[in-house]
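We name chains A, B, ... by the order of the sequence lines, and we start the count at 1 in each one.
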Amino acid sequence: MTERSAPSVQMPLEQVAPEERAATLGALLFVASEPVPVTVLAQHLGCTPAEARAALQALAARLDAVGLLLQWCGEDQVQVVSHPRHARPVQRFLGLERTVRLSQAALETLAIIAYRQPITRGELDLIRGVDSSGVLQTLLARGLIEPVGRLAAPGTPIQYGTTPEFLRFFGLTSLADLPPLPAELAGASEEG
Amino acid sequence: MTERSAPSVQMPLEQVAPEERAATLGALLFVASEPVPVTVLAQHLGCTPAEARAALQALAARLDAVGLLLQWCGEDQVQVVSHPRHARPVQRFLGLERTVRLSQAALETLAIIAYRQPITRGELDLIRGVDSSGVLQTLLARGLIEPVGRLAAPGTPIQYGTTPEFLRFFGLTSLADLPPLPAELAGASEEG
Amino acid sequence: MAVTVYPPLRLADCQLRLPTFEGPLDVLLRMIERSQLDITGVSLVAVTDQFLAYVAALSDVPPELLAEFTAVASRLLALKSRSLLPAPPQPIEEPEPDDLTRQLQAYQAVRAGAAYLQGREREGLRSFGRPPARLEGLPVAEHLAPVPLPALLQALWRCLSRRRPARQAYRPAPIITLAEMTRRLLARLGQRGRFRALLGDAPSRTEYLVGFIALLSLLRQRVLDATQETLFGEIEVWRIGSAAEAADD
């Protein structure tokens, strides 16, 4: 707590009715901007820390229904936060979210991996005609591809394949749902 | 809302499951420190404003148990605040000093503005029968009223309305909490 | 304690005698307001004089009577001044002071609202908002913009079709030497011409470069002279010296 509330702690405080404690704690933790020690809460309720802890438990059970969560910071401090279950809409609401586009290079690489998996970086480079390591890192970080094995060849290079996240991203049920390659493309991609 | 959340509004948003809407709204209104338009909330839930309103009703019913209150600022904006029932421990917890009482003139002027907003100083003077400029300055300085527009009349006088702080100051759920106007006055307010 | 009882004095008891009107003061006001009497023909000075004479005759003047007269007199004054002023082209809408009763009603009702607010203030029924969320330092989540499935196939197509030209046999571009280029320039230039035209139809980047260096060298040797009107514009070239010595260079 900040120094604002410090003086009030010494004053004799009115007692909050036991059945009101949980709700009063909700109000106190709502207006607090930082974690609050249980002893401070108990003083403001006019009860013992043990009673305050019991009331906190009751509060915690009720917070879920309103999208909130009672968070313990160590043994002695609590705060109310938005429930992580609602993190996506909350992040979006607060503008803590950004939409990024897959680059052309990333999309091309992803397409090659999707149709030719499992595939090593060397094979990719050969088909694309350029170095693919940067793009591979991006796709790995986004969870669209993953290492699926190693080629039985000198250096045993890592082979990459698409992930379940890849299927979700394109709305596919399985890899069999990928549109078939036109004949001329199928030929060209075999060559590579 | 501030511009922070503005960009997210244009994006196509994921839908929140209907049974999760009330809780998600709780999380959103918890992190928002200002009133939020229902339309913005609906966009973040991926539902219609009518569905958002229904979910807000469900949320309002659950908030009481955790010491909170859903406050309607006008017809279209909502905010979650601490329930006025817990005002004393909360005020003490925040270390807020006793507030200076509002004068009779200020209370009357506030009531007139609350009932008849948007209202110009001229209209106020007419109802009160005295000059209201001093009282208006006080109320503006305390953030209880604010300019909300200008009357389309000679001199385009400023129109005043109540603020979210007004609702918080008196712990009102909405302006509808004020005692209803007698029929003849409701009529008069239409003409005025 | 002695209680003085006044006879009920009303404005109606004040009888006026004017050239255009005889009767009580309040009737005068009513007639004027109903346009039954032209106010321009009424002397307000006479009305006031007669009222004051009436008041002077009273032993004790109740303040209500004075207040009532003031109200009626100011109403008369307003009516008269309005009748004397040129009428505005369109009637200006203004709240009629006749609304006084309604205003009082409105005021009474509003007092109930004020009392309600005061009650809540006394009980300290306030609510409090949350401090603004601190967003600095919070991670920004990145999400991929959706890509339609056909775009995947298109990407593959683009990649594979781009690869083909690269597989063609490597044919090195012919390299032209400075001496060759100098000869070419001089051979193509009659007396005067444009530098670009001297390079041929589709000069390669190398031809441009070598051609330009050849031109500079010919300028230095005073074989050619040149002008360029604008930056990056056409270069006009003309012969000023012997071609033979330049070609040997």
Check: Pro148(C) versus chain A, heavy atoms under 4.5 Å apart: side chain, backbone, both or neither?
Finding: backbone
Next item on the list: Apply the test side-chain contact (heavy atoms from CB on, under 4.5 Å) to residues Leu156(C) and Glu108(A): give CA-CA distance (whole Å), side-chain angles for both, the deciding distance (0.1 Å), then the verdict.
Entry: CA-CA 5 Å; Leu156(C) 188 64; Glu108(A) 283 176 15; over 6 Å; no
Notebook entry, point to check: Side chains of Phe169(A) and Leu152(C): closer than 4.5 Å at any heavy-atom pair?
Noted result: no
Next item on the list: Please test Leu149(C) against Leu178(A) for side-chain contact (heavy atoms from CB on, under 4.5 Å), starting from the C-alpha separation and ending with a verdict.
Entry: CA-CA 8 Å; Leu149(C) 188 55; Leu178(A) 277 175; 4.2 Å; yes
From [X] atom [atom1] to [Y] atom [atom2], the distance as rounded to the nearest 0.5 Å:
{"X": "Leu110(A)", "Y": "Cys159(C)", "atom1": "CG", "atom2": "SG", "value": "12.0 Å"}
{"X": "Leu107(A)", "Y": "Gln154(C)", "atom1": "CG", "atom2": "CD", "value": "9.0 Å"}
{"X": "Arg142(A)", "Y": "Leu144(C)", "atom1": "CZ", "atom2": "CG", "value": "5.0 Å"}

Next item on the list: Report yes or no: does Arg130(C) contribute a side-chain atom to a donor-acceptor pair with the main-chain N or O of Phe30(A) at less than 3.5 Å?
Entry: yes
How about [atom1] on [X], more than 12 heavy atoms from neighbouring residues, nucleotides or ligands closer than 6.0 Å, or not?
{"X": "Arg192(C)", "atom1": "CZ", "value": "yes"}
{"X": "Gln57(A)", "atom1": "CD", "value": "no"}
{"X": "Arg196(C)", "atom1": "CZ", "value": "no"}
{"X": "Arg194(C)", "atom1": "CZ", "value": "no"}
{"X": "Glu229(C)", "atom1": "CD", "value": "no"}

Next item on the list: Just give me the residue among Pro150(C), Ala151(C), Ala155(C) that pairs up with chain A most often, heavy atom to heavy atom, under 4.5 Å.
Entry: Ala155(C)
Next item on the list: Could you check which of Ala105(A), Ala111(A), Ala114(A), Gly171(A) has the highest count of heavy-atom pairs closer than 4.5 Å to chain C?
Entry: Ala111(A)
Next item on the list: Tell me, for Leu29(A) versus chain C, whether the close heavy atoms (under 4.5 Å) come from the side chain, the backbone, both or neither.
Entry: backbone
Checklist line | Which atom of Leu153(C) lies closest to which atom of Tyr115(A), heavy atoms considered | finding: CD1-OH, 3.1 Å
